[in-house]
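One structure is given here, and the rest of the page talks about it.
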Amino acid sequence: MAPDIQKCKRLGQLGAELGWNYNTNSSNKSIDFFFGVKLPDPTGWAAWGINPGPIPQMVGTRSIIAIRHANGTLQPVKYNITRDWKHGCRIQQDANALDLDLKVIKLNFSDATMFLTMHIRADLPELNLSRLNHVWQVGSDAVGDIPRMHGKTLQNFDSCETIDLYTGKGKSYARHRRRLRKLHGVFNIAGWGTLLPVGIIFARYFKKFPFRLERWFRFHVCFQLLAFTLGTCGWIIGISLGNSSENYTFTTHRILGISVFALALVQMLAVWLRPNKKDDFRQYWHMYHHCLGYSLFALIVVNIFQGIKILKPVMKWKWAYVSILSALGFVVLLLEIKTWYKFLSEKSKEKQKNGTPDQN
C-alpha cells in the first residue's frame, strides 16, 4: 500500500487493510493512515473514517469517501455521518463539520486488481491511539459526489473495529455479533425447525392411528413446550441483534420471525384454552389447531432458509438443516406408508366381515 509503513494489519471484513505511520519529527505531530480495499465495480467507492464516540459504528463517524468516476478520476469527499442517515436520509457532505482534522494526501487505484488505496493524515492530539474506533465500507456506485447505498451483507454490517495503534491489536464487536448469530441459528433450528415437527409427528401418528400411544398428548405438549422455549430464546436474540443494528435490519427475516413467534404463542395457549371434549365447537377447534400448526411449520422452514441465506457463504448451515428436514421427511414417509397400509387393510377386513364382495 505504501513503501514505508511502520505497522499494518488485515481487517476482518471486506478484504480491507490498514497501515499507519507516526510523524514525530515536525512540531505538529501527526499520524498517517493507509487504507486499502478492493472495489466491487470500477466506478465504485471506498470509505474509511474515525468515530470519536464510545463504540465503533457508522453514525457519528468522520469519514473520507473516495469515489472513482466513470472517466477514471478519483474524488475524495469528507462526510460526517449523522443520525439522519439512520432514518433513511442520504448522507450530507459537510467538510466543516469534521471536528477531526483528516487530510487526504493521496489516492490510488489499480485497474488490474481493482484495489483502491487512501493515504490520510490526522493530527495526533485529537486521537486516542490506544482505543481508536474506525469504520470502513465499499459501494458499487455514486451519483456525483453522493455515494449510493452499499451492500446489505453481514460483512457490510460488521465493518468496524476498535484498534490499539500501539500494539496493532483490534477488538471487533462483529465477533460478538457472530457468536450471537450462531446461537440465534442453533436455537431456532433446534426449537422451531426440529423439536416442533417432532411434536407434530406424535400428534398425527400416535394419537389413534396407525399407532395408539396412551401418553401421546404428554409427548406432544413436552416437545412443543421445549420447542417454544428454545425458539423463544432464539427469537429474543434475533430481536436484540436487529435492535442493535444502527442502520437497518433484514426486514423480511424479521417480519417472518415475529410472525412465527406470534403464531407459536397462539398454538401454545391451546393447552389451556382448548374447548371441553363435550363442546360442539371442539371439532372445529381441532381443524383450526391442525391447519395453524402445519402453516406455522411451513412458515418456520421458509424463515430458517431465509436466515441461512443471510449467513451466506456459511453453507454448512443450509446442508445441516436440509439433513434434518430429510430425516424428518423420511420418518414421516414411513409412518404415512404404515398409515395407509393399515387403513386399507382394516377397510378390507371390514368389507369381508360385512360380507361385501371384493370388487377385484
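Sequential numbering from 1 along the given sequence is applied to the chain's residues. Just so we're clear, the structure is a prediction, and the values are computed from it rather than from any experiment.
Each of Y341 and Y205 belongs to its own hydrophobic cluster when Ile, Leu, Val, Met, Phe, Trp and Tyr are linked at side-chain heavy-atom distances under 4.5 angstrom. A single hydrophobic cluster is not seen to contain both V331 and I337; linkage of ILVMFWY side chains at heavy-atom distances under 4.5 Å, directly or through other members, places them apart. Taken together through direct or relayed side-chain contacts under 4.5 Å among Ile, Leu, Val, Met, Phe, Trp and Tyr, L213 and V198 form part of one hydrophobic cluster. Residues I308 and W319 are members of one and the same hydrophobic cluster, defined by side-chain heavy-atom contacts under 4.5 angstrom among Ile, Leu, Val, Met, Phe, Trp and Tyr. One hydrophobic cluster, built from ILVMFWY side chains closer than 4.5 Å, holds both V302 and L328.
Partner of D32 under the side chain to side chain donor-acceptor pair (under 3.5 Å) criterion, out of H119, K103, K106: H119 alone.
The side-chain heavy atoms of N21 and F34, taken from C-beta on, include a pair separated by under 4.5 Å. Within the 4.5 Å cutoff, the side chain of W48 has heavy atoms near those of the L18 side chain. V77 is not listed as a side-chain neighbour of W45, based on a closest heavy-atom distance of 4.5 Å or more. Using a 4.5 Å cut-off on side-chain heavy atoms (C-beta onward), F157 and Q13 make no contact. Residues L132 and W20 are not in side-chain contact: their nearest non-hydrogen atoms beyond the backbone lie 4.5 Å or more apart. Side chains of K78 and I64 form a contact here, defined as non-hydrogen atoms less than 4.5 Å apart. Taking 4.5 Å as the limit, every side-chain heavy atom of F35 sits out of range of all side-chain heavy atoms of L116. Residues L11 and H134 are in side-chain contact: their nearest non-hydrogen atoms beyond the backbone lie under 4.5 Å apart.
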Which atom pairs, one a donor and one an acceptor, fall under 3.5 Å between side chains of residues 214-224 and the rest of the protein, sequence neighbours left out?
from, atom 1, to, atom 2, distance (Å)
H220, ND1, G199, O, 2.7

Identify each donor-acceptor pair in which a side-chain atom of residues 186-193 lies under 3.5 Å from a protein atom, sequence neighbours left out, and give them as a table.
from, atom 1, to, atom 2, distance (Å)
N188, OD1, W192, NE1, 3.4
N188, ND2, H184, O, 3.1
N188, ND2, H184, ND1, 3.2
N188, ND2, H184, NE2, 3.4
W192, NE1, G231, O, 3.4

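The main-chain N or O of L14 is found under 3.5 Å from a side-chain atom of Q155 such that the two form a donor-acceptor pair. No donor-acceptor distance shorter than 3.5 angstrom exists from the side chain of S240 to the backbone of I236, with no hydrogens or angles considered. A donor-acceptor contact shorter than 3.5 Å links the side chain of S295 to the backbone of C291. Judged purely by atom type and a 3.5 angstrom limit, S348 has no side-chain atom pairing as donor or acceptor with the backbone of S345. Counting only distance, with no hydrogens or angles, the side chain of D141 and the backbone of R148 share no donor-acceptor pair below 3.5 Å. In this structure a side-chain-to-backbone donor-acceptor pair under 3.5 Å is present from T167 to K169.
Residues satisfying the side chain to side chain donor-acceptor pair (under 3.5 Å) criterion with S110, sequence neighbours excluded, are T113. Every side chain to side chain donor-acceptor pair (under 3.5 Å) that T162 has, sequence neighbours left out, goes to N133.
Taking a cutoff of 4.0 Å between a charged side-chain nitrogen and a carboxylate oxygen, R68 and D111 qualify as a salt bridge.
Taking both residues in full, the closest heavy atoms of K182 and W317 are given as O-CH2, 3.5 Å, listed atom of the first, atom of the second, then distance.
Through direct or relayed side-chain contacts under 4.5 Å between Ile, Leu, Val, Met, Phe, Trp and Tyr, L334 connects to F330. Under a 4.5 Å side-chain heavy-atom cut-off, the cluster of Ile, Leu, Val, Met, Phe, Trp and Tyr residues that includes I255 has no other member.
In this structure, H290 and H286 have tilted ring planes: the angle between them lies in the 30° to 60° band.
Remark: aromatic rings of F281 and Y288 are distant, center separation not under 6.0 Å.
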* Just do the side chain to side chain contact (heavy atoms under 4.5 Å, CB included) check on T61 and W136 with the steps written out, would you? => CA-CA 10 Å; T61 296; W136 62 97; over 6 Å; no

